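Below is one structure, written out as structure tokens; comments come after it.
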Amino acid sequence: MDNKLTERLQRALLRGDPGAVSACLQVNRRDEITAIKDSVLREMTQAVLLRKVPFCQLVAVCQAAEPLYDAAQPSVACCGALSGCMSPATQSIMVMLLHGWGVPTLDMGLDNSADAILCAVRKHNLRFVVCTAFTSDEAASIHEIDEKAAALGLRPSLKLLLGGVAPKAVLPVDNTDFRVASVAQEVADAWIK
Amino acid sequence: MDKVTLYGSEHFPIPDDCSEVFSWLSCTDMLPCFPTFSAVWSTAVDALRDRVRPLAVVVREAGMLTVWITLGQQADALILEAFHAGDYIRALLLNTLADRVLFRMDETVVRLVREQLRAEDMFIGARLEPAVDFDLTAEHIASVHAVLPEAGLSSAHSLTPSKSMLFCLTLAPHECMTTGLHDCSRCSQQLCPYRGAKGRTIG
């Protein structure tokens, strides 16, 4: 892949221009593009967390990067909204970001019990459980996953994260979009290592 | 005012104007993604108008009004469809537009209720919010559920469908100088992008 095309692709991803990204993809090999996408997501996530660009730009970047996601890879993470959480946006945005980082993710949708999540962990040998919740009451059920995972001996090999609402005991110093973006980066960094 | 009053979608038009939604998303024309967001906007509005039927139910019981506002299950379905298709910009716009419609419905219903109460020489007293003024239980929505079967509570006491709102209004025999609007100053989410939006008040 020549440098000019690399730069064009990088600019298209940073702009969040799905059409331009598709045009670059027509003439390029997937593995080279994947490497470029990683740095673009990192740059954009940092800009969002530092409030240099708004979250909508990150969404556009993720949409542009979606064709680069390899859905055929075996999952290493699952992402599901916690029990009682019926709000589609937070969980879907988390899946969107994980795809953007290229993390092979099992989308578990909404209203997941602890047993359903841990069943998926054992079946697919997952390393990451990313839960989402929209309210503090919904977030409380993450403790049940923690306890049951520990009882099953899964805890040492499992990274459990909560994206979305801040837990009640913590001051809401950031909003749900920021927590989702920072959790996605945390998963990606741990996976890449 | 009747025991149960329904306000249908004719009271809650879905707006064409994108400025408020774009403002909530901080999507300005300086951003590289602005043209794409603008291009998707009109199709998102059309989709919401086609599939979603805004509805408000007001139940009068024991000197209090229970107000349920909803966009219905189709709103959730529409947003999920867009996310699953990888059309994230459309999904984000649909989600934010749905919230805007909900807030405007809130404002409209409070105004309509005030007008109807005035005819009886009654006034809105206080607005009571779940999780702030009372813990939401199935009992609170039982009367609404009798009229609107899709109105429900999840196991974590969140409203279903998710694009719904519930609050109570007390009744008073005298003017209480209250707006009846949602008061964002009582919410812990200091950085919520909807804080102080039109139809909401801060203090």
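The sequence lines fix the lettering, A, B, ..., with proteins before strands; numbering per chain opens at 1. In this text the structure is predicted, and so the values were computed from the model without any measurement.
By the 4.0 Å N-to-carboxylate-O rule, B:R111 lies too far from B:E107 to be salt-bridged with it. Comment: B:K163 does not engage B:D76 in a salt bridge, judged by the lack of any side-chain N to carboxylate O separation of less than 4.0 angstrom. Between B:E81 and B:R51 a salt bridge is recorded (basic side-chain N to carboxylate O distance below 4.0 Å).
Residues A:E186 and A:K159 have side chains in contact (heavy-atom distance under 4.5 Å, counting atoms from C-beta outward).
Comparing B:C33, B:P35, B:G86 by how many heavy-atom pairs each has under 4.5 Å with chain A, the most go to B:C33. Taking chain B as the reference chain and counting heavy-atom pairs below 4.5 Å, the highest number among A:G16, A:S83, A:A140 is found for A:S83.
Taking both residues in full, the closest heavy atoms of A:D17 and A:R15 are given as OD2-NH2, 3.2 Å, listed atom of the first, atom of the second, then distance. Contact between B:L71 and B:V52 at its shortest, heavy atoms only, is O-CG1, 3.4 Å.
Both the backbone and the side chain of B:Y88 come within less than 4.5 Å of a heavy atom in chain A. Looking at B:F37, the atoms closer than 4.5 Å to chain A (heavy atoms on both sides) all sit in the side chain, from C-beta outward. B:I89 touches chain A through backbone and side chain together, each having a heavy atom under 4.5 Å away. Heavy atoms closer than 4.5 Å to chain B are found in both the backbone and the side chain of A:I93.
Heavy-atom neighbours of chain B within the stretch residues 55-70 of chain A, taken at a separation under 4.5 angstrom, comprise A:C56, A:Q57, A:V59, A:A60, A:C62, A:Q63, A:E66.
Between B:F123 and B:H174, the gap from one ring centroid to the other reaches at least 6.0 Å.
With rounding to the nearest 0.5 Å, the separation of CG in A:L49 from CD in A:Q185 is 6.5 Å.
A:D115 and A:S113 are not linked by any side-chain donor-acceptor pair at a separation below 3.5 angstrom, with hydrogens and angles left out of the test.
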